[in-house]
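Taking it in order: structure first as structure tokens, then the write-up.
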Amino acid sequence: MLNVPSQSFPAPRSQQRVAAGGRSKVPLKQGRSLMDWIRLTKSGKDLTGLKGRLIEVTEEELKKHNKKDDCWICIRGFVYNVSPYMEYHPGGEDELMRAAGSDGTELFDQVHRWVNYESMLKECLVGRMAVKPAVLKDYREEEKKVLNGMLPKSQVTDTLAKEGPNYPSYDWFQTDSLVTIAIYTKQKDINLDSIIVDRQDDSFRAETIIKDCLYLIHIGLSREVQEDFSVRVIESVGKIEIVLKKKENTSWNFLGHPLENHHSLIPRKDTGLYYRKCQLISKEDVTHDTRLFCLMLPPSTHLQVPIGQHVYLKLSITGTEIVKPYTPVSGSLFSEFKEPVLPNNKYIYFLIKIYPTGLFTPELDRLQIGDFVSMSSPEGTFKISEFQELEDLFLLAAGTGFTPMVKILNYALTDIPTLRKVKLMFFNKTEDDIIWRSQLEKLAFKDKRLDVEFVLSAPTSEWNGKQGHISPALLSEFLKRNLDKSRVLVCICGPVPFTEQGIRLLHDLNFSKNEIHSFTA
Ligand code: FAD
Ligand code: NAP
């Protein structure tokens with residue numbers, strides 16, 4: 001609801017926004033962009049009306065502030081006066097007013113959980129919600145305990161079902177030189193994509209994705225370990241082993257002490273995004289405005305971005321943290337797909353279009369090789385199981401909406417034995433905008449299962465290929481199944497109105513919900 005970069009984009013007056021059938025967007029007034037908001041927050045103006053004081057807010061008090069010119073909203077226990085922000089909210093004032101005088105956390109999470117409202121709204125912070133007195137259990141004695149294998153039950157934070165036969169657990173064991181942390185997920189569909197490990201100084205953090213939840217191991221290690229470690233998954237029993245190398249070959253008496261949310265199973269929608277600093281390794285021009293960025297993960301991180309998922313990149317822009325989603329790609333269309341990717345694969349590639357008047361991308365473009373950018377853990381709804389026994393794969397991409405298609409193409413052409421045909425229809429304005437055109441042409445030449453069609457909306461007179469926008473005529477001709485009843489999947493990604501229109505057309509052409517995957521934030 002607050003600061004919705006994805007909704008401020010495309011720009012209010014851009015073609016993407018005004019195209020027929022597009023979702024109605026709220027045009028912002030002149031001087032009300034995200035950058036203008038950042039300037040206002042830096043101006044020293046008192047945006048809360050409290051002259052810098054922070055107060056405790058009761059529910060009764062919160063309810064009173066429910067008008068446009070006096071609007072308080074609570075997000076995760078913190079109360080913000082969002083009245084000054086109203087005109088800057090890309091989703092519009094009415095959207096923001098839905099949470100006026102109340103707890104807007106759920107609404108916020110539904111729309112854009114990833115937006116870093118703490119930074120965006122820090123000058124609007126009124127204070128915290130007053131906590132109702134409650135009888136609190138005294139955990140202090142438990143906290144004094146150190147970890148030595150299985151945790152005491154009371155360390156499990158009050159999130160999902162308590163310990164039980166299906167609750168994940170962990171254990172640890174050691175040799176002279178190694179410490180192994182074993183996680184028992186009690187699930188079978190676990191692979192190297194399911195586990196993300198970050199170690200910083202003595203803090204050890206392992207997130208395991210178990211269905212719609214995260215199981216978190218979060219420990220302050222009792223002794224020093226070396227930077228690198230290995231991760232192994234024993235799929236048949238759903239066990240994960242993380243092998244740390246001791247700095248000194250001495251016996252550890254205990255593993256460490258529990259840190260926040262240790263040994264808890266939390267619904268993914270309720271977890272904040274965890275960021276680690278990645279180094280810019282290379283940057284290469286792909287078109288006149290799109291570049292291939294290569295980021296390197298820290299040596300003490302294990303993270304693989306699953307096919308079709310995105311991450312968030314975070315930069316501090318004039319002191320405010322700005323976050324935008326990006327979809328990792330392979331280094332090229334000819335990268336062999338490796339499954340599972342080697343755990344020491346540290347490089348993550350992005351194809352990113354630089355908008356000269358955009359907020360985030362010019363700043364990203366200014367980074368020098370060796371500079372750092374924060375990257376979140378992956379998110380997204382695409383599941384590789386959607387490819388099961390697939391025969392026909394259709395990809396509809398517009399502009400940088402091509403990015404999720406890159407790994408999909410790599411994977412489909414290497415790892416789906418039943419696949420007969422892959423067809424990509426790639427919409428761009430001009431020939432110069434086509435990302436990896438020659439790679440696509442070479443790949444289609446090399447692999448006869450792949451057909452690629454480019455469609456241009458603003459071609460030069462020399463263009464003799466297809467022209468126009470996504471339309472019933474273009475799609476009905478393109479989306480021919482190989483066999484009458486072949487198992488088919490259509491993936492679609494691009495500007496929001498393009499995707500929405502595409503989905504409507506696909507339904508008109510009798511593609512079922514299960515046969516369509518659309519990529520959005
Ligand atoms: P913005 O500041 O959002 O501006 C974009 C354009 O709109 C600019 O031309 C700007 O001038 C104009 N504009 C913005 N606000 C206004 C206003 N108020 N009035 C007039 N004009 C305005 N992009 C990629 O390049 N690669 C990817 O892999 C990728 N993956 C994505 C994955 C997901 C899930 C999603 C949702 C988006 C993805 N994007 C990707 C898009 C990306 O997240 C950003 O939206 C994009 O990079 C633009 O960011 P920006 O801050 O530079 O531009
Ligand atoms: P672009 O170059 O502006 O547009 C690409 C093509 O799409 C052009 O031919 C354009 O036609 C057409 N198009 C634009 N809006 C349309 C509409 N409403 N109906 C039909 N056709 C339309 O695109 P871009 O700047 O690269 O932007 C790519 C978009 O993809 C961004 O919005 C980005 O957020 C999104 N994206 C999403 C994901 C994801 O969700 N996972 C991943 C990557 C990118 P015109 O010439 O008429 O504009």
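All heavy atoms count here, side chains included; hydrogens, waters and symmetry mates do not. Order of appearance sets the numbers: ligands from 1, and atoms from 1 within every ligand.
- Residue contact annotation: F350 has no non-hydrogen atom under 4.0 Å from ligand 1.
- Considering each of A397, S457, P459, the one bringing a non-hydrogen atom nearest atom 10 (C) of ligand 2 is S457.
- The option with the heavy atom closest to atom 38 (C) of ligand 1, from among P325, G31, G399, P328, is P325.
- Distances between N or O atoms of Y326 and those of ligand 1 include at least one value under 3.5 Å.
- When heavy-atom distances to ligand 2 are checked against a 4.0 Å cut-off, C493 comes that close only through its side chain, counted from C-beta outward.
- A distance-only check finds no donor-acceptor pair linking the side chain of H218 to the backbone of A206 [under 3.5 Å].
- Panel note: side chain K429, backbone P459; no donor-acceptor pair is recorded below 3.5 Å.
- Taking the six-membered ring for Trp, Y349 and F293 have ring centres at least 6.0 Å apart.
- Under the 30°/60° scheme for interplanar angles, the aromatic rings of H310 and Y312 are found to stand perpendicular.
- Remark: ligand 2 atoms within the under-4.0 Å shell around heavy atoms of T327 are 41 (N), 42 (C).
- Close contacts of ligand 1 with H310, meaning ligand atoms under 4.0 Å from a residue heavy atom, involve 34 (C).
- Pairs passing the salt bridge (Lys or Arg N to Asp or Glu O under 4.0 Å) check and including a residue from residues 366-384, sequence neighbours excluded, read R113-E379, E363-R366.
- Within the 4.0 Å heavy-atom criterion, both parts of T361, backbone and side chain, lie near ligand 1.
- Taking the six-membered ring where the residue is Trp, the centroids of Y85 and Y117 are separated by 6.0 Å or more.
- Of the residues V82, V126, L125, T41, the one that meets the side-chain contact (heavy atoms from CB on, under 4.5 Å) test with L47 is T41.
- Ligand 2 has G494 within reach: a non-hydrogen atom of the residue lies less than 4.0 Å from it.
- Residue-level proximity to ligand 2 for Q501 is carried by the side chain, the only part with a heavy atom below 4.0 angstrom.
- Ligand 1 places these atoms under 4.0 Å from at least one heavy atom of L359: 1 (P), 2 (O), 50 (P), 51 (O), 52 (O), 53 (O).
- Ring pair F426/F402 is parallel by interplanar angle, where below 30° counts as parallel and above 60° as perpendicular.
- Taking distance alone, with nitrogen or oxygen atoms compared against 3.5 Å, F519 approaches ligand 2 more closely than that limit.
- No heavy atom of Y326 sits closer than 4.0 Å to any atom of ligand 2.
- Between F427 and F498, the ring-plane angle classifies as perpendicular under the 30° and 60° cut-offs.
- Contacts between I354 and ligand 1, counted as non-hydrogen atom pairs separated by less than 4.0 Å, are absent for every part of the residue.
- Between L214 and I209, the shortest heavy-atom contact is CD2-CG1, 3.6 Å.
- Contacts of Y355 with ligand 1, taken as heavy-atom pairs under 4.0 Å, involve the side chain alone.
- Remark: distances from the non-hydrogen atoms of K429 to ligand 2 include one below 4.0 Å.
- Atoms of ligand 2 lying under 4.0 Å from at least one heavy atom of T403, given by number and element, are 42 (C), 43 (C).
- Using a 30° and 60° split on the angle between ring planes, H65 and W72 fall in the parallel class, below 30°.
- Using a non-hydrogen distance threshold of 4.0 Å, N428 registers as a contact of ligand 2.
- Using a 4.0 Å cut-off to heavy atoms of Y355, the atoms of ligand 2 that qualify are 24 (P), 25 (O), 26 (O), 27 (O).
- Below 3.5 Å of separation, one finds an N or O of T357 facing an N or O of ligand 1.
- Taking 4.5 Å as the limit, some side-chain heavy atom of I38 sits within range of a side-chain heavy atom of I322.
- Under a 3.5 Å cut-off, the side chain of D70 and the backbone N or O of K67 do not form any donor-acceptor pair.
- Polar contact with ligand 1: present for T327 (N/O pair, distance under 3.5 Å).
- Side-chain atoms of K269 never come within 3.5 Å of backbone atoms of D212 as a donor-acceptor pair (strictly under, hydrogens ignored).
- Listed by atom number, the atoms of ligand 1 under 4.0 Å from K353 heavy atoms are 25 (O).
- Side chain of T499 to backbone of C493: no donor-acceptor contact under 3.5 angstrom is found.
- Where the criterion is an N or O separation shorter than 3.5 Å, residue side chain and backbone included, L351 meets it with respect to ligand 1.
- Within the 4.0 Å heavy-atom criterion, the part of T400 lying near ligand 1 is the side chain and not the backbone.
- Looking at H310 next to ligand 2, no N or O pair under 3.5 Å apart turns up.
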